[in-house]
Structure formats: C-alpha cells, structure tokens
Amino acid sequence: MSLEIRLSHTLSTSGIYGPGLRYVIWVQGCSLECPGCWNSDLWSEDAGYHTTVHELVSEIIEENGIEGVTILGGEPLEQPDPVLELIIAVKEAGLTVMLYTGYEEEELHGIQLDCLARSDIVIMGRYIASLRDTNLRWRGSSNQKIRMMTDVYEGLEIEERGEVEITVDPHGEVSMAGYPERWLLKLLEGL
C-alpha cells in the first residue's frame, strides 16, 4: 500500500531546479515559516491536495527525457514517510533526487536522515531574508548549503546565477518558477 503525500503543485519539466531536466514537486505544509519566505502560501497543512506516492511516481515515470526529481515545498521533511517512499521509488526508476529542506542536519532524526542519505543533492538551511541573493544557483539565501550526498554529480561545477523559468500552458496560463528580481515581477503583473 502506498502512502499519501500532501502536495501544493508539480511541474512536469524544469531546467532550473537542479541538474538537467527535472520533475519538480512542491509539498504542502511547513511549520518553519521563515520570515520573507517566497513560498509562504505553502505553509498551511490545510491547503493543497493529497495523492498517493504510487500515483505521483506513475506521473513522473511518464515524463520522457527527465534526469531526475526535485522535492521542495513547503517542508518535505515534515512528511518524512511518504517522502522517503517517493525517493526510493524514483531512484529505483533510475532517476536522481534533489531535496530541499529548511532544517539543519542536527535537527533531523530517523527517517528524515534516511531521506537525506538517499538523495543525490540536498539543499539545507532556513531561508533568511536578510541574506537573500537572487544570483545564487538553487538557493534563495546565502546561508543555505548545497550538499552532494552521492557521487552521481561528482565534479559538477555549480555556476552561481539566478534563474527564472516562465511557462505558458496550452490554455494561456502563465506560471513562473525560480527567484525573479522585483522588476520582473512588476513587469509580469502588468501583462
């Protein structure tokens, strides 16, 4: 039996949330509530939707050409059991895993540590608004650390640069991923 996971939304293909093209999963719920958090709408455990890990993995595997999965939020490690099931299933399918967490390793235990150990890349640390830096790759503030947990990406050079992805779906809906500068947000609001 597959566990349920609470999600906010997913993006089937992205090139800015880790190496290569990735399936991106935003979990719903975060008790850390970092001041200035970009994803404060993902804090509530009452929002979002539930799906099973099995259903989610089936969707992921249908995506051709992706290198891996990126799990962020919200706070993935506040749902450690389904997140671990997801990580294991994705790895068994031959994909890599990049995991974001606002926690530091010393704050974690048990299954949460298993989630870290089975991921290929982990981004760790709370978002700190006063340390915001839109020129960092894969991070929102300069205190957050990139940890290579396996040798899959050994030797990967991480070029610091801010990235934003704007997508227009077949229905004309515009979505944005990444950490845009304020001028870009204002420009998009005006459209």
State whether a side-chain donor-acceptor pair under 3.5 Å links Ser2 with Glu85.
yes

Evaluate Ser40 against Glu33 for side chain to side chain donor-acceptor pair (under 3.5 Å), listing each step before the verdict.
CA-CA 7 Å; Ser40 60; Glu33 299 183 359; over 6 Å; no

Working for side chain to side chain contact (heavy atoms under 4.5 Å, CB included), residues Val27 and Leu42:
CA-CA 7 Å; Val27 302; Leu42 306 185; over 6 Å; no

Minimal non-hydrogen separation, Asn39 against Gly73, with atom names:
ND2-O, 3.0 Å

Donor-acceptor check, side chain of Arg22 to backbone of Val69, threshold 3.5 angstrom: yes or no?
yes

Give, for atom NE2 of His109 and atom CG of Leu77, the distance between the pair rounded to the nearest 0.5 Å.
10.0 Å

Determine the interplanar angle of the Trp26 and His9 rings, folded into 0 to 90°, and report it as parallel if under 30°, tilted if 30 to 60°, perpendicular if over 60°.
parallel

For residues Ile61 and Ala93, report the shortest heavy-atom separation together with the two atoms involved.
CD1-CB, 3.9 Å

Enclosure of Glu157 CD (heavy-atom neighbours >12, cutoff 6.0 Å):
no

Can you tell me how far NZ of Lys145 sits from CD of Glu104, rounded to the nearest 0.5 angstrom?
9.0 Å

Are Leu11 and Ile123 connected in the hydrophobic side-chain network, where two residues link if heavy atoms are under 4.5 Å apart?
yes

Testing the 3.5 Å rule here: is there a donor-acceptor pair between the side chains of Ser44 and Gln28?
no

Going from OG1 on Thr51 to CG on Leu7, what distance comes out if it is rounded to the nearest 0.5 angstrom?
6.5 Å

Separation between OH of Tyr100 and CZ of Arg139, rounded to the nearest 0.5 Å
8.5 Å

Between Ser14 (side chain) and Val24 (backbone), is there a donor-acceptor pair under 3.5 Å?
no

Apply side-chain contact (heavy atoms from CB on, under 4.5 Å) to Leu131 and list each qualifying residue two or more places apart in sequence or on a separate chain.
Ile128, Ser141, Ser142, Asn143

For Arg132 and Ser130, indicate whether the former's side chain and the latter's backbone hold a donor-acceptor pair under 3.5 Å.
no

Are Ile111 and Leu3 connected in the hydrophobic side-chain network, where two residues link if heavy atoms are under 4.5 Å apart?
no

Work out which heavy atom in Leu99 is nearest to a heavy atom in Leu116; give both atom names and the distance.
CD2-CD2, 4.1 Å

From CA spacing to verdict: side chain to side chain contact (heavy atoms under 4.5 Å, CB included), Met149, Ile121
CA-CA 6 Å; Met149 304 302 288; Ile121 301 175; over 6 Å; no

If we ignore angles and hydrogens, is there a donor and acceptor under 3.5 Å between the side chains of Glu78 and Ser31?
yes

Following the transitive rule for hydrophobic clusters with a side-chain heavy-atom cut-off under 4.5 Å over Ile, Leu, Val, Met, Phe, Trp and Tyr, establish whether Leu72 and Tyr153 coincide in one cluster.
yes

How long is the gap from SG on Cys30 to CG on Asp41, to the nearest 0.5 Å?
11.5 Å

Cluster overlap Ile5 with Trp43, hydrophobic side-chain contacts below 4.5 Å:
no

Assess whether side chain to side chain contact (heavy atoms under 4.5 Å, CB included) is satisfied between Ile25 and Ile60, documenting all intermediate values.
CA-CA 10 Å; Ile25 301 162; Ile60 293 166; 3.8 Å; yes

According to a hydrophobic-cluster definition based on side-chain heavy atoms being under 4.5 Å apart (Ile, Leu, Val, Met, Phe, Trp, Tyr only), do Val83 and Val57 belong together?
yes

Mind checking whether Met124 and Leu108 have side chains closer than 4.5 Å, heavy atoms only?
yes

Rounded distance (nearest 0.5 Å) linking atom CD1 of Ile66 with atom OG1 of Thr96
8.5 Å

Contacts of Arg126 meeting side-chain contact (heavy atoms from CB on, under 4.5 Å) (sequence neighbours excluded), chain-then-number -> Leu32, Cys34, Tyr103, Glu107

Before you tell me yes or no, could you show the steps for Ile71 and Val90 under side chain to side chain contact (heavy atoms under 4.5 Å, CB included), namely the whole-Å CA-CA distance, both residues' side-chain angles and the distance that decides it to 0.1 Å?
CA-CA 11 Å; Ile71 308 165; Val90 165; over 6 Å; no

What one should report as the nearest heavy-atom pair of Val53 and Pro82 is CG2-O, 3.5 Å

Validation row: Arg118, Leu84 side chains within 4.5 angstrom (heavy atoms)
yes

Could you tell me whether Lys91 and Asp120 make a salt bridge, using a distance below 4.0 angstrom between a side-chain N and a carboxylate O?
yes

Kindly give the heavy-atom pair with the smallest separation between Glu59 and Tyr23, and that separation in Å.
OE1-OH, 3.1 Å

With side chains defined as the heavy atoms from C-beta onward, is the minimum distance between Pro19 and Met98 less than 4.5 Å?
yes

Taking all non-hydrogen atoms of both residues, which atom of Pro80 and which atom of Cys115 are closest, and how far apart?
O-SG, 3.7 Å

Measure from the side-chain N and O atoms of Gln79 to the backbone N and O of Arg6, and report whether any donor-acceptor pair falls under 3.5 Å.
yes

